[in-house]
Amino acid sequence: MSTAFPDWTGDTAPLREAQLRLAHQVILRDQFPKRLRTVAGFDVGFEDDGRTTRAAVVLLDADTLDVLETRLARLPTRMPYLPGLLSFRELPAMLDALAHLHGTPDLAFIDGHGIAHPRRLGIAAHFGIVTGLPSIGVGKKLLIGESRTPLHQTRGAFTPLRDGREQIGWLLRSKPGCLPLVVSPGHKVAMASVPELVMRFTTTYRLPEPTRLADRLASDSAGEDH
DNA sequence: GCGACAG
DNA sequence: ATCTTGTCGC
């Protein structure tokens with residue numbers, strides 16, 4: 001367990017090493033129920049000027065998108081935000097929120113990248129390896145990679161995101177007139193399955209419902225309870 | 001050495 | 001991420 005979360009000593013080397021090792025365990029094949037029953041959205045926010053990390057998880061019925069369960073978890077912030085090392089800062093709180101959930105999602109949508117990461121272990125992939133749950137990364141901004149072909153303006157259009165000759169994710173126009181989402185496999189989800197899975201849970205907003213609802217809980221001050 | 005840089 | 005007014009477009 002300590003191997004998946006080295007203590008923060010101020011040295012980033014151990015964290016980078018852990019990512020390289022864990023990245024080998026990522027499975028890029030669909031390994032979730034043919035018929036999804038529930039999905040969950042995760043996101044993190046901060047309180048007390050960043051001293052407290054607040055994670056939110058929302059469990060939804062995969063067919064109706066009805067909210068089945070909601071959980072909030074708070075943990076002392078363990079380290080600063082460092083590009084490429086986000087998961088070591090935010091994942092602990094998310095795991096705590098997951099632990100308090102009564103149900104277990106068939107698929108998790110994580111706010112952040114999956115394998116669209118320098119060492120192929122963004123927070124969504126890290127989450128999948130640690131929990132064993134299928135996961136997808138939904139990012140609002142690019143960390144690394146580039147797209148060559150232009151992205152159509154139509155809803156649902158997508159184009160490959162690549163790092164050199166390797167595809168690491170997709171740019172997905174979840175909503176017309178909006179900047180595309182950066183989506184990538186986390187764990188137990190095939191690259192080719194990502195665009196459709198994200199769109200399947202996207203209604204009229206840029207973000208898919210699972211992450212949109214988790215976003216609201218994690219950052220909305222109206223949730224300063226429980 | 002110079003930029004880029006999830007949340 | 002978080003702090004925040006007015007502004008643009010459907």
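Below, chain A is the first sequence line, B the second, and so on; all start at residue 1.
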What's the separation between atom CG in Leu91(A) and atom CG in Leu98(A), rounded to the nearest 0.5 Å?
9.5 Å
Quick one: sort the Phe5(A) and His126(A) rings into parallel, tilted or perpendicular, breaks at 30° and 60°.
parallel
note: Arg216(A), atom CZ; dT2(C), atom C1'; distance rounded to Å ~ 19 Å
Look at all strands and tell whether Leu85(A) reaches a base, only sugar-phosphate, or nothing, counting heavy atoms closer than 4.0 Å.
base
What is the distance from CE of Met79(A) to C1' of dA1(C), rounded to the nearest Å?
14 Å
Which whole-number value in Å describes the distance from Phe46(A) CZ to dC3(C) C1'?
15 Å
Do NZ/NE/NH1/NH2 and the carboxylate oxygens of Arg120(A) and Asp163(A) come within less than 4.0 Å?
yes
NZ/NE/NH1/NH2 to OD/OE distance under 4.0 Å, Lys140(A) and Asp111(A):
yes
Asp49(A) near the nucleic acid: base, sugar-phosphate alone, or nothing, with a heavy-atom cut-off under 4.0 Å?
nothing
Check every nucleotide of DNA chain B for an atom under 4.0 Å from a heavy-atom of chain A, then give the first and the last such nucleotide from 5' to 3'.
dC5(B) to dG7(B)
Separation of Arg89(A) atom CZ from dT2(C) atom P, in whole Å?
10 Å
Reckon Leu142(A) touches a base, only the sugar-phosphate, or nothing at all at heavy-atom distances under 4.0 Å?
sugar-phosphate
Is it true that Glu196(A) and Arg200(A) make a salt bridge, defined as a side-chain N closer than 4.0 Å to a carboxylate O?
yes
Any chance you could measure Thr204(A), atom OG1, to Arg155(A), atom CZ, to the nearest 0.5 Å?
8.5 Å
When all nucleic acid strands are considered with a 4.0 Å heavy-atom cut-off, which category describes Gly84(A): base, sugar-phosphate, or nothing?
base
To the nearest angstrom, how far is Tyr81(A) atom OH from dA1(C) atom P?
10 Å
Would you indicate what Gly45(A) reaches in the nucleic acid, counting non-hydrogen atoms under 4.0 angstrom: base, sugar-phosphate, or nothing?
sugar-phosphate
